[in-house]
Amino acid sequence: MKLKGVSEFQRKLRRIGGGEMRRAASSALNKTGALARTRIIKGVASAEKVPVGQVRKRVYLARSTVKTLKIVQIGYARPISLVTLIRNPSPDQGQRRKRSLKVNKKVYPNAFVRTGKNGKTHVFERNGKKGRQGKGRWAKYKNLEKLDKVGIEIQPTVEKVLPKVQIRVYNSDFRRLFAHEYNFRLSKL
């Protein structure tokens, strides 16, 4: 006597044991990673007092697949340029200012706005000193100051916030999301 539907039941069991569990785990990992990414971005933005949009460009999430079952979150080390935080960054017209530049409630004493060699507007800072080059009466006065682009370093904050947030989010949300995804896939069989 042959039972009806046994082969279909066996096929469903194989799907549950193999592919569906891995798909549910991959989906739960991706959703948990997205939650962690959002909280990392908010934490870094509030700590550095910069807009969330500027930090969002610098935090990346490599998504999980059914084969790999791992995600990678990276915070890039590139600093945030001060020009992006100034509302109307009109460059100085070549005159040297005695006053300092104030951005995000922080004062940069030797900073100024100028158009760079590439034609884009940047915030530069003077580092160095003025002086004479050479000796004797034939020495020429030359500007020995070096100009550096000014930015807000976020890498130390990202390195501090990222692991804490990842552990907290994965411990609190992964099991719930995995159970939800797995039950959803079981209901579709």
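Heavy-atom basis, side chains included; hydrogens, waters and symmetry copies ignored.
Of the possible polar contacts, none joining the Arg175 side chain to the Asn171 backbone as a donor-acceptor pair under 3.5 Å is found. In this structure a side-chain-to-backbone donor-acceptor pair under 3.5 Å is missing from Arg37 to Tyr60. Using a distance-only test at 3.5 Å, with no hydrogens or angles considered, no donor-acceptor pair links the side chain of Asn104 to the main chain of Lys106.
With rounding to the nearest 0.5 angstrom, the NZ atom of Lys57 is 8.0 Å from the CZ atom of Arg78. Rounding to the nearest 0.5 Å gives a distance of 10.5 Å between CD1 of Ile154 and CD of Glu159. To the nearest 0.5 Å, atoms OG1 (Thr157) and CG (Leu162) are separated by 12.0 Å. Rounding to the nearest 0.5 angstrom, the gap separating the CG atom in Asp173 from the NE2 atom in His180 is 12.5 Å. Rounding to the nearest 0.5 Å places CD of Glu181 at 10.5 Å from CG of Leu29. Atoms NZ and CZ, from Lys31 and Phe174 in turn, are 12.0 Å apart once rounded to the nearest 0.5 Å.
Transitive grouping of hydrophobic side chains (ILVMFWY, heavy atoms separated by less than 4.5 Å) keeps Val165 and Ile167 in distinct clusters. Put simply, Met21 and Leu186 are part of the same group of oily side chains (I, L, V, M, F, W, Y) that touch within less than 4.5 Å, one to the next. Criterion: ILVMFWY side-chain heavy atoms under 4.5 Å apart, direct or through other members. Under it, Leu35 and Phe184 are not part of a common hydrophobic cluster. Both Leu85 and Val52 are members of a single hydrophobic cluster when ILVMFWY side chains are connected at heavy-atom separations under 4.5 Å.
Here the side chains of Lys105 and Lys49 are not in contact, with every heavy-atom distance at 4.5 Å or above. Here the side chains of Ile80 and Val55 are in contact, with some heavy-atom distance below 4.5 Å.
With a 6.0 Å radius and a threshold of 12 heavy atoms from other residues, nucleotides or ligands, Asn88 has its CG atom at or below the threshold.
In terms of heavy-atom proximity, Ser64 sits nearest to Leu69 at OG-CA, 3.4 Å. When all heavy atoms of Arg58 and Pro79 are compared, the closest pair comes out as NH2-O, 3.5 Å.
Ile40 pairs with exactly one of Gln73, Arg56, Lys164 by the side-chain contact (heavy atoms from CB on, under 4.5 Å) rule, that one being Gln73.
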Inset, instruction - Please assess Phe124 against Lys149 for the test side chain to side chain contact (heavy atoms under 4.5 Å, CB included), listing each intermediate value before the final yes or no. - result: CA-CA 4 Å; Phe124 292 103; Lys149 289 183 192 173; 3.9 Å; yes
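Defined by atom type and a distance below 3.5 Å, a donor-acceptor pair is present between the side-chain atoms of Thr65 and Thr68.
Under the 30°/60° scheme for interplanar angles, the aromatic rings of Tyr182 and Phe178 are found to lie parallel.
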